Protein chains: 2
Amino acid sequence: MTSGLEPTDRAILRELSADGRCSFTDLAERVGLSVSAVHQRVRRLEQRGVVQGYAARLDGDQIGLGLTAFISLTPTDPAAPDDYPQRLRHLSQIESCYSVAGEESYILRVRVASPAGLEDLLRQIREAAKVATRTTVVLSTPFENRAPAL
Amino acid sequence: MTSGLEPTDRAILRELSADGRCSFTDLAERVGLSVSAVHQRVRRLEQRGVVQGYAARLDGDQIGLGLTAFISLTPTDPAAPDDYPQRLRHLSQIESCYSVAGEESYILRVRVASPAGLEDLLRQIREAAKVATRTTVVLSTPFENRAPAL
DNA sequence: AGTGAAAGGGCGTAGCG
DNA sequence: CGCTACGCCCTTTCACT
């Protein structure tokens with residue numbers, strides 16, 4: 001049980017992680033298979049949900065979202081129902097939401113335009129979810145979202 | 001100064017964030033432009049570095065990397081040079097590396113197969129970078145890497 | 001499950017408004 | 001900077017192995 005994934009599929013996933021817009025023709029060449037065989041395998045990987053989708057990676061500075069931060073959430077009312085993701089989903093500045101073990105309950109990764117935008121977002125988060133927040137500002141990002149080790 | 005980005009470009013980026021493999025023909029239809037005009041704009045966005053690339057989003061469980069964690073780094077030797085990203089880059093389990101303000105110096109997002117894999121990775125990180133680590137294990141991921149608010 | 005061929009459509013460059 | 005035009009390449013399917 002290595003992960004129920006064949007070497008060929010892993011090679012395909014490696015390529016698509018590095019270049020999500022790679023053509024089937026190139027893909028076929030790189031993994032040493034015919035075009036139609038690769039096509040079939042990619043469709044199966046998509047249907048099984050191994051490939052959940054494709055996304056462009058954008059430069060935060062250039063799209064006017066130059067400030068990244070991590071926000072840890074601690075519930076203020078221990079009796080409240082745990083529906084925080086639902087309560088926070090509408091805030092589009094929150095790009096990722098993780099439920100975690102440890103002192104805090106959730107970790108959010110957010111992107112905003114400025115300190116003022118961060119202040120505003122924190123206010124909205126506290127209001128929507130009734131939580132205490134702890135914020136860690138990102139100064140720079142040496143690397144991000146690298147391709148996983150397949 | 002909204003961000004030096006035209007509404008049309010923002011529309012294109014929104015589409016490519018949601019579906020990175022979207023054809024130029026579809027893209028043109030959705031943003032209300034001709035195919036070649038869209039093509040030209042996308043090329044410019046790529047050249048300017050606004051679009052840094054395209055990647056497939058993979059299901060961690062199904063690729064044998066079902067355990068995600070955040071690892072905070074604190075230097076043990078205050079006099080050591082700050083070249084931690086260089087020292088850690090070769091560890092492919094580390095998908096993201098952020099330099100942060102606050103008590104710790106760096107936050108890493110990592111993906112491993114199991115608790116044993118996490119233990120092994122922590123050992124390698126301490127060895128390579130001479131740092132103290134604080135690890136927060138992810139229990140579940142309500143949402144991740146959503147398209148930014150353009 | 002992989003191959004090869006064939007039909008259809010998208011890609012990408014060119015030239016012009 | 002956007003549109004039309006056109007040739008090439010890629011995508012997608014099908015019958016065969």
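Owing to the predicted nature of the structure, the values given are computational and were not obtained by experimental measurement. Every chain is numbered from 1 and lettered A, B, ... according to where its sequence line falls, protein lines coming before strand lines.
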Picking from C/dC11, D/dC10, C/dG2, the nucleotide nearest the side-chain atoms of A/Ser23 would be D/dC10

In whole Å, what is the span from the CZ atom of B/Phe24 to the P atom of D/dC9? 17 Å

From B/Leu88, B/Ile71, B/Asp82, residue fulfilling side chain to side chain contact (heavy atoms under 4.5 Å, CB included) relative to B/Tyr106: B/Asp82

Walking DNA chain C from its 5' end, the first of A/Ala37 and A/Arg21 to be reached, judged by nearest nucleotide, is A/Ala37

Sequence-distant partners of A/Ala132, side chain to side chain contact (heavy atoms under 4.5 Å, CB included), two or more places apart: A/Thr74, A/Thr76

For B/Leu33 and D/dC3, what is the distance between atoms CG and C1' respectively, to the nearest whole Å? 9 Å

With heavy atoms under 4.0 Å as the rule, sort B/Ser36 into base, sugar-phosphate or nothing. base

For a side chain to side chain contact (heavy atoms under 4.5 Å, CB included) with B/Val110, tell me which candidate from B/Leu118, B/Val138, B/Thr135, B/Thr68 qualifies. B/Leu118

In whole Å, I'd like the distance from the CD atom of A/Gln40 to the C1' atom of D/dT11. 14 Å

Angle, rounded to 10°, between the helical axes spanning five pairs at each terminus of the helix from C/dA1-D/dT17 to C/dG17-D/dC1? 30°

Any idea which of C/dG10, D/dC3, C/dG12 is nearest the B/His39 side chain? C/dG12

Quick one: is D/dT12 close enough that its OP1 or OP2 comes under 4.0 Å of any side-chain N or O from A/Arg43? no

I need the minimum non-hydrogen distance between B/Val31 and B/Glu15, along with the two atoms involved. CG1-CG, 4.4 Å

Among the candidates C/dT3, D/dT12, D/dT4, find the nucleotide nearest to the side-chain atoms of A/Val35. D/dT12

Would A/Glu6 and A/Arg41 pass as an ion pair if we require N to O under 4.0 Å? yes

Grab the CD-C1' distance between A/Glu29 and C/dT3 for me, whole Å please. 16 Å

Within 6.0 Å of CZ in A/Arg43, more than 12 heavy atoms from elsewhere: no

